[in-house]
There are 2 protein chains.
Amino acid sequence: MRILTTTNSLTTDDLGSAAQRDRRRRILDATIALASAGGFDAVQMRAVAEQADVALGTLYRYFPSKIHLLVSALARTFEDTQTIVGRRPVPGDTPSERVIYVLRRATRGMQGDANLTEALTRAFMFADASVATEIHVVGMQLTTMLTRSIKGEAYVEGEQPSDEDVAIARVISDVWLSALVSWVTGRASAEEVADHIETAVRLVLR
Amino acid sequence: MRILTTTNSLTTDDLGSAAQRDRRRRILDATIALASAGGFDAVQMRAVAEQADVALGTLYRYFPSKIHLLVSALARTFEDTQTIVGRRPVPGDTPSERVIYVLRRATRGMQGDANLTEALTRAFMFADASVATEIHVVGMQLTTMLTRSIKGEAYVEGEQPSDEDVAIARVISDVWLSALVSWVTGRASAEEVADHIETAVRLVLR
DNA sequence: TTCGGAACTGCAACGTGTTTCTATTATGAC
DNA sequence: GTCATAATAGAAACACGTTGCAGTTCCGAA
């Protein structure tokens, strides 16, 4: 029950004081740096705390578990990339061309930092019920990205996509995540992942 | 480098002596019992060892990690169910009817034991590269089950399914696993899972 | 400026997956 | 039956996620 104990939440939505926002940012920065350097196992809570220059207890006050931490890092990563590339409409003449274009870019981006991808993906897949909120954020980001690609030029900001488009987007994001997992675990090469995704998109969008 | 040190591997494929096969069975039994009782967290290596009546070191000799153990348990579970139901051809007049039938059954089966499903599913999704072999076994089981359903009566035992059928089967199993994960983590109800899978199957098989 | 509570630090401790080591037991070759 | 070797038991120890706590600092309200 939080009833306006602070006054200056003037930037983003209800994240406390500037110092708190800064700590949160430092923690996520440290998380991503460690993940990028050594993957899931290298993201050790003591190391994150030290690198973010906070005490271990404070880290746990901001993120109640390692999984929460990594899924939040995934959400921020998606958010950042979407802020950058989300302005222009997606190129391509058909829905499947556009979706393939977007996923190809996203996949390349993820594969460009294998350790980070491994850490974030495995955390996402391992998350249990207590992480539902953070997971939902990521799911929405994916769905938005994909429905936006399906619609192409016809996409308008506030409008709800159709149920069918959402269903298609969810199927595609399931396949994409599974493909990422199999790449991360060394069961599939980058080309196999690209082929599999492309096949799935062509199957679903026709 | 193992060059025939034993003589009596007369039952299954190269699993050592009868005592060893029995230990392996006891370990998997204990794993499934504990998972069924309390889910992933309840499968504690010391508890598995005790219930299977082996020492902790022996448990690790048979399964090099908790994840290996749980994924192997998943493989055995699939194997058992396929031994039971895999005799008759899958009912249904079209590929999508048959696939939906099979997945509905499988989903109900999994949802009938939520704790076990949670444990096995999360282990499967969390597995890293070192578990590639066991993961591959499970992937093959799923692919076989699905291509068999797609073909229906036309399925013959030894024959390789077509590339397209395999691709379709892989897409569907991706969606099915993702749906199971979201059910396990409380993000989707049983009906939502059923609907999502059905939608995906209809999209892909048409 | 002072005060009270929330947030933070530093550190110890606990639980569970994993590793390691020695003594003991089972197993197959001869 | 004997022996060499592999497998197992039993138990300690380590690593890391997580929790708990005493003391300190920050921050808004009065």
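Judged by distance alone, the side chains of Thr199(B) and His196(B) never bring a donor and an acceptor atom under 3.5 Å apart.
In the helix from dT1(C)-dA30(D) to dC30(C)-dG1(D), the end axes, each obtained as the rotation axis mapping the C1' atoms of four pairs onto the next four within a five-pair block, lie 20° apart to the nearest 10 degrees.
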* Any chance you could list the contact pattern along nucleotides 21-26 of chain D? Use B for base contacts, S for sugar-phosphate-only contacts and - for none, protein heavy atoms under 4.0 Å, 5' to 3'. => ------
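Considering only residues two or more places apart in sequence or on other chains, Trp176(B) meets the side chain to side chain donor-acceptor pair (under 3.5 Å) condition with Thr107(B). Residues satisfying the ring-ring contact (aromatic ring centres under 6.0 Å, His included) criterion with Phe40(A), sequence neighbours excluded, are Phe126(B). Considering only residues two or more places apart in sequence or on other chains, Thr185(A) meets the side chain to side chain donor-acceptor pair (under 3.5 Å) condition with Arg187(A).
A heavy atom lying under 4.0 Å from DNA chain D marks the following residues of residues 43-53 of chain A, by number: Val43(A), Gln44(A), Met45(A), Arg46(A). Contacts with DNA chain D (heavy atom under 4.0 Å) in residues 26-42 of chain B: none are found. Scanning residues 58-70 of chain A for heavy-atom distances under 4.0 Å to DNA chain C yields Thr58(A), Arg61(A), Tyr62(A).
A salt bridge (Lys or Arg N to Asp or Glu O under 4.0 Å) check over residues 96-108 of chain B, counting only residues at least two apart or in different chains, returns the pairs Arg104(B)-Glu198(B). Residues in residues 117-136 of chain A take part in these salt bridge (Lys or Arg N to Asp or Glu O under 4.0 Å) pairs, two or more places apart or across chains: Glu118(A)-Arg122(A). Residue pairs that meet the side-chain hydrogen bond (donor to acceptor under 3.5 Å, both in side chains) test with at least one member in residues 26-49 of chain A, sequence neighbours left out, are Asp22(A)-Arg26(A), Arg25(A)-Asp29(A), Asp29(A)-Arg76(A), Ser36(A)-Asp113(A).
Between Thr117(A) and Gln111(A) there is no side-chain heavy-atom pair separated by less than 4.5 Å.
Rounded to the nearest 0.5 angstrom, Asn115(A) CG and Leu34(A) CG are separated by 11.0 Å. Rounded to the nearest 0.5 angstrom, Leu180(A) CG and Thr121(A) OG1 are separated by 5.0 Å. Note that CG of Leu28(B) is 9.5 Å distant from CG of Asp80(B), once rounded to the nearest 0.5 Å.
Atom CZ of Phe126(B) and atom P of dT16(C) are 17 Å apart (whole Å). Rounded to an integer number of Å, the gap from CG of Leu56(B) to P of dT16(C) is 13 Å. Put simply, CZ on Arg24(B) is 15 Å from P on dA7(D), counting in whole angstrom units. When the P atom of dC27(D) is taken as reference, atom CZ of Arg21(A) falls 13 Å away, rounded to whole Å.
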Let me have the donor-acceptor pairs involving side chains of residues 135-147 of chain A, under 3.5 Å, with sequence neighbours excluded, atom names and distances please.
unit_1    : atom_1 : unit_2    : atom_2 : d
Gln141(A) : NE2    : Ala75(A)  : O      : 3.1
Thr143(A) : OG1    : Gly139(A) : O      : 2.8
Thr144(A) : OG1    : Met140(A) : O      : 2.8
Thr147(A) : OG1    : Thr143(A) : O      : 3.0
Thr147(A) : OG1    : Thr144(A) : O      : 3.2

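The heavy-atom pair separating Ala49(A) from Leu59(A) by the smallest distance is N-CD2, 4.0 Å. Closest heavy-atom contact between Val166(A) and Pro161(A): CG2-CG, 3.8 Å. Among all heavy-atom pairs drawn from Gln20(A) and Tyr62(A), the shortest one is CG-OH, 3.2 Å.
If you find the closest nucleotide of DNA chain C to Ala19(A) and to Ala19(B), the one lying nearer the 5' end belongs to Ala19(A).
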